[in-house]
Amino acid sequence: MFSNNLSSQIVEFINAGVSGNTTTDLIKRQSKIFDYDPDWVILMVGTNDMLNSRKLESYASYERKLKHIVSRFKKQKVKVVLVSPPTVDSKYLFKRHDKEKLLDEPNDKLVFVKRLMEKLADKSSVYFVDVFGAFKSLGLPEHNKDEYIMNVVNSGYEDGVHPTPKGYQLIAQTIDSSLKYQEVVLSGTVVCFGDSITFGQGVVGEGTVEGKTYPALLREILKNENILNEK
C-alpha cells in the first residue's frame with residue numbers, strides 16, 4: 001500500500017486539455033506532448049468520442065485509437081494513467097446534441113469507455129482510475145439537484161457534462177486515492193492530457209494548473225500531503 005512517509009518528489013504538472021477533443025484530436029496533438037518530455041501522462045478522453053453528436057467515434061474506432069495513444073506513450077517510456085470520464089446528465093446533453101445519432105444511452109456508452117480502459121490498463125501494464133464509478137456511487141447526476149455536474153441550479157447553465165468546482169475536486173480526490181491504493185508516486189513531469197474536462201471548462205483557471213481545474217486540485221492535494229515539491 002501507499003505510504004505517506006515517502007519522501008516528497010519533484011513534480012511539475014502541465015494541463016494539456018483542449019475543449020471538444022476526441023481520440024482523433026489527441027493523436028494529432030500527441031507529438032507536442034512529447035515536447036514536454038513527460039514522465040507521466042494522466043489521460044482522460046472519451047466523452048466527446050461517445051457523446052458529441054458532431055464528432056462521434058464508433059466503439060471500434062475509439063478502442064483502436066485509445067490503444068494507439070497508449071502504445072505510443074509506452075514506446076517512449078512514458079507511464080500512463082487512464083481515467084474514465086464522469087457520468088453525464090442526459091436531459092441537458094440532449095439539449096445540445098442530437099439524441100438520434102447516439103444510438104445508445106449516454107451513460108451506457110461511458111460504461112463502455114470505463115470497461116475498455118480497465119481492460120487496456122491490465123493488458124498494457126498501465127494504471128486505471130475509475131472516476132465514472134466514483135460519480136455513479138454518489139448517485140450522480142441528479143438532475144438540477146446535485147452539486148457536482150453543471151446544471152441550472154448550481155451554475156446557471158443547462159450543461160449536464162462539465163463538472164462544477166466540487167465535481168473537479170471529486171475527480172482529483174479519486175485520482176489521488178486510487179493512485180495511492182495502486183502504490184503509485186507521481187514524479188518528474190506529469191501531463192494531464194484530454195478534453196474540456198481536463199481543461200477545466202467553466203471554472204477558474206481553465207487550461208492551467210491553477211484554480212479549480214482537476215490538475216490544479218490534484219497538484220494541491222499532493223502539496224498538502226507533503227508528497228510534491230515543485231520545480
Side-chain angles (χ1 to χ4, degrees), residues 15-30 33 40-74 80-90 92-94 96-99 101-124 126-137 140-141 148-150 159-163 167-168 170-172 174-175 178 191-202 213-215 218:
N15 187 334
V18 173
S19 295
N21 269 197
T22 64
T23 47
T24 298
D25 300 305
L26 264 57
I27 287 171
K28 292 176 182 177
R29 291 203 291 127
Q30 194 167 13
I33 301 304
W40 290 86
V41 165
I42 300 177
L43 175 62
M44 182 193 289
V45 64
T47 301
N48 287 300
D49 296 75
M50 295 293 113
L51 307 182
N52 186 329
S53 59
R54 295 175 291 277
K55 304 185 77 171
L56 292 175
E57 298 278 354
S58 68
Y59 291 127
S61 176
Y62 173 78
E63 179 173 1
R64 182 177 67 254
K65 291 175 181 180
L66 183 66
K67 287 179 177 178
H68 175 82
I69 293 167
V70 171
S71 175
R72 193 173 174 197
F73 279 130
K74 284 181 62 65
V80 178
V81 179
L82 292 172
V83 180
S84 59
T87 56
V88 300
D89 184 339
S90 300
Y92 282 138
L93 175 74
F94 291 142
R96 298 185 289 117
H97 293 282
D98 186 349
K99 182 177 182 179
K101 291 184 178 180
L102 264 64
L103 303 179
D104 296 322
E105 287 299 313
N107 284 304
D108 289 344
K109 299 190 77 176
L110 293 177
V111 168
F112 168 82
V113 171
K114 164 189 167 175
R115 291 175 177 168
L116 172 62
M117 284 185 167
E118 193 168 17
K119 291 177 183 176
L120 181 57
D122 183 57
K123 291 181 179 179
S124 301
V126 301
Y127 300 95
F128 171 67
V129 175
D130 187 9
V131 162
F132 181 93
F135 275 66
K136 189 73 173 176
S137 69
L140 303 171
Y148 295 84
I149 301 170
M150 288 185 180
D159 188 300
V161 173
H162 300 98
Y168 284 115
L170 177 58
I171 292 173
T174 302
I175 294 172
S178 180
V191 177
C192 300
F193 191 33
D195 55 28
S196 58
I197 297 176
T198 297
F199 178 78
Q201 184 167 319
T213 68
Y214 100 69
L218 178 59

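Here the structure is a predicted model, which is why all the values come from computation and not from measurement.
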By salt bridge (Lys or Arg N to Asp or Glu O under 4.0 Å), which residues pair with [X], not counting sequence neighbours?
X    : result
K55  : D25
K114 : D130
R96  : D159
K99  : none

If the condition is ring-ring contact (aromatic ring centres under 6.0 Å, His included), which residues does Y92 pass it with, not counting sequence neighbours? H143
Contacts of type side-chain hydrogen bond (donor to acceptor under 3.5 Å, both in side chains), residue [X], not counting sequence neighbours:
X    : answer
D104 : Y59
T24  : E57, K65
Y127 : none
K74  : none

Is there a side-chain contact between [X] and [Y], using heavy atoms and a 4.5 Å cut-off?
X    : Y    : answer
T198 : I42  : no
I69  : F73  : yes
P86  : M44  : yes
L51  : L102 : yes
T22  : Y62  : no
L110 : S84  : no
N52  : H97  : yes
S61  : R64  : yes

By side chain to side chain contact (heavy atoms under 4.5 Å, CB included), which residues pair with L170, not counting sequence neighbours? F135, L138, L140, Y148, T174
Rounded to the nearest 0.5 Å, how far apart are [atom1] of [X] and [atom2] of [Y]?
X    : Y    : atom1 : atom2 : answer
C192 : I171 : SG    : CD1   : 11.0 Å
S90  : K109 : OG    : NZ    : 11.5 Å
I197 : Y214 : CD1   : OH    : 10.0 Å
F112 : N107 : CZ    : CG    : 15.0 Å
L56  : D98  : CG    : CG    : 9.0 Å

Using side-chain contact (heavy atoms from CB on, under 4.5 Å), reason through M50 and V88 one step at a time and then give a plain yes or no. CA-CA 11 Å; M50 295 293 113; V88 300; over 6 Å; no
Which heavy atom of [X] sits nearest a heavy atom of [Y], and at what distance?
X    : Y    : result
A16  : V191 : CB-CG1, 3.7 Å
V113 : V45  : CG1-O, 4.1 Å
Q201 : Y168 : N-OH, 3.4 Å
D195 : G46  : OD2-N, 4.3 Å
L82  : L120 : CD1-CD2, 4.0 Å
V131 : P85  : CG1-C, 4.4 Å

Donor-acceptor check, side chain of R29 to backbone of G194, threshold 3.5 angstrom: yes or no? yes
Look only at the side chain of N48 and the backbone of N21, and say whether a donor-acceptor pair between them is shorter than 3.5 Å. yes
Summary of side-chain hydrogen bond (donor to acceptor under 3.5 Å, both in side chains) pairs that have at least one residue in residues 115-124, sequence neighbours excluded: none
